[in-house]
Amino acid sequence: MNLPQTVTSLFKRLRFVLVETSHPGNIGAAARAIKTMGFSELVLVNPRFDYALTDPEAIAFASGAQDILASAKIVSSIEQALAGCHFVAAVSARLREFSPPVLSPRALAENLSGQIQEPVAIVFGNERYGLPNEIVVKCNALINIPANPDYSSLNLAQAIQLLAYECRVAQLGDAGSVSPIGFHGDLASADEIDRMYAHLEQALVAINFLDPAHPKKLMPRLRRLFSRTQLETEEVNILRGIAKKILDGRKD
Ligand code: SAH
């Protein structure tokens with residue numbers, strides 16, 4: 001018998017690990033990047049300054065994400081940072097001769113969201129020298145952001161933002177997508193749409209476009225056409241306005 005498996009959202013089981021970060025401002029910006037995308041777990045391995053989490057620059061760059069800084073952990077080894085993780089990805093601007101399989105940020109995000117309950121981690125390197133080979137070889141995947149080959153090194157917090165975004169989109173799936181039309185008004189109700197079809201049908205009959213004795217598939221086809229869009233009340237009113245004008249014109 002298959003027992004139902006519990007699913008733990010990626011938002012709750014993804015850890016962002018920063019190795020030997022130099023600039024407190026980047027740590028603050030990382031906290032903000034993580035929080036804007038719905039994640040919360042930040043672990044620092046040997047940051048340059050012990051007080052990095054309370055540094056005024058970190059706090060300023062975190063903006064409204066100070067709670068992430070307050071709950072972040074500082075540890076002294078990568079092993080401590082990765083404790084309990086079942087899948088670890090190293091994020092690096094440099095490809096190496098000996099490395100785990102290379103994945104794009106998107107492929108990684110899909111992979112992580114597909115694992116259903118294991119804690120997982122993404123590891124980022126120092127601003128100047130990146131991640132050492134000893135850490136990369138411990139990881140299950142190497143993630144390279146396909147940037148401009150002539151200038152491929154992103155700011156640390158921006159690299160984190162990009163990975164966090166991909167993970168968010170992968171986790172939310174369709175639920176996270178928004179309408180491609182930026183602005184939209186109130187969607188028409190099924191009733192309003194039905195009344196619009198009735199009105200349109202009358203107008204089409206009035207101008208002899210629709211023969212009630214031989215309606216063929218005209219109305220179903222029109223329904224199918226409009227059902228491919230999400231009609232708004234205002235749009236339904238415009239179509240009814242056209243039908244009304246046609247009918248009024250016939251009376252003259
Ligand atoms: N000169 C360093 C770049 C450090 S940038 C190097 O050679 O690696 C700081 C961190 O941001 C990197 O360790 C990595 O985690 C991330 N990063 C920046 N640009 C990246 C890219 N194009 N692909 C993957 N990770 C990147």
Side-chain angles (χ1 to χ4, degrees), residues 10 14-37 39-49 52-53 55 57-58 60-63 65 68-69 72-83 85 87-113 119-170:
L10 191 54
L14 173 57
R15 188 177 303 170
F16 287 80
V17 176
L18 277 53
V19 178
E20 296 180 11
T21 310
S22 294
H23 299 295
N26 274 339
I27 295 172
R32 184 176 186 172
I34 291 167
K35 184 169 177 178
T36 52
M37 294 300 114
F39 298 96
S40 59
E41 203 180 344
L42 176 62
V43 177
L44 308 179
V45 182
N46 293 326
R48 181 164 163 211
F49 304 112
L53 292 171
D55 184 278
E57 206 166 280
F61 275 87
S63 191
I68 307 292
L69 286 183
K73 283 198 205 89
I74 296 188
V75 297
S76 57
S77 70
I78 188 75
E79 288 75 16
Q80 284 172 283
L82 301 179
C85 288
F87 189 98
V88 180
V91 184
S92 174
R94 274 179 295 130
L95 296 175
R96 337 214 162 187
E97 191 177 357
F98 297 103
S99 90
V102 178
L103 295 181
S104 67
R106 192 157 301 171
L108 170 74
E110 272 156 24
N111 189 322
L112 296 183
S113 65
V120 292
I122 308 184
V123 184
F124 297 83
N126 165 274
E127 294 91 332
R128 277 242 317 270
Y129 47 86
L131 275 176
N133 282 331
E134 306 84 79
I135 292 184
V136 172
V137 295
K138 283 185 203 295
C139 296
N140 305 97
L142 180 69
I143 314 308
N144 186 253
I145 299 168
N148 174 1
D150 297 329
Y151 188 60
S152 63
S153 178
L154 280 75
N155 163 266
L156 171 62
Q158 292 176 350
I160 295 169
Q161 183 78 72
L162 199 145
L163 266 293
Y165 169 76
E166 288 291 351
C167 289
R168 178 177 183 80
V169 171

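It should be emphasised that the depicted structure is a prediction, and the values quoted were computed from it without experimental measurement. Start at 1 with the first residue, then count along the sequence. Note that ligands are numbered from 1 as they come in the structure, with each ligand's atoms numbered from 1 the same way.
Annotation for Y165: atom OH does not count as buried by contact number, only 12 or fewer foreign heavy atoms lying within 6.0 Å.
What you find for L112 and F87 is that their closest heavy atoms are CD2-CD2, 3.6 Å.
Ligand 1 is surrounded by V91, S92, A93, R94, F124, G125, N126, E127, R128, G130, I143, N144, I145, S152, S153, L154, L156, A159, each with at least one heavy atom closer than 4.0 Å.
Residue pairs meeting the salt bridge (charged side-chain N to carboxylate O under 4.0 Å, His left out) criterion with at least one partner in residues 138-163, sequence neighbours excluded, are E79-K138.
When atom types are taken as modelled, the side chain of R32 and the backbone of A157 share no donor-acceptor pair closer than 3.5 angstrom. With hydrogens and angles ignored, the 3.5 Å screen pairs a side-chain donor or acceptor of R94 with a backbone N or O of Y129. With hydrogens and angles disregarded, a donor-acceptor distance shorter than 3.5 Å links the side chain of N144 to the backbone of S92.
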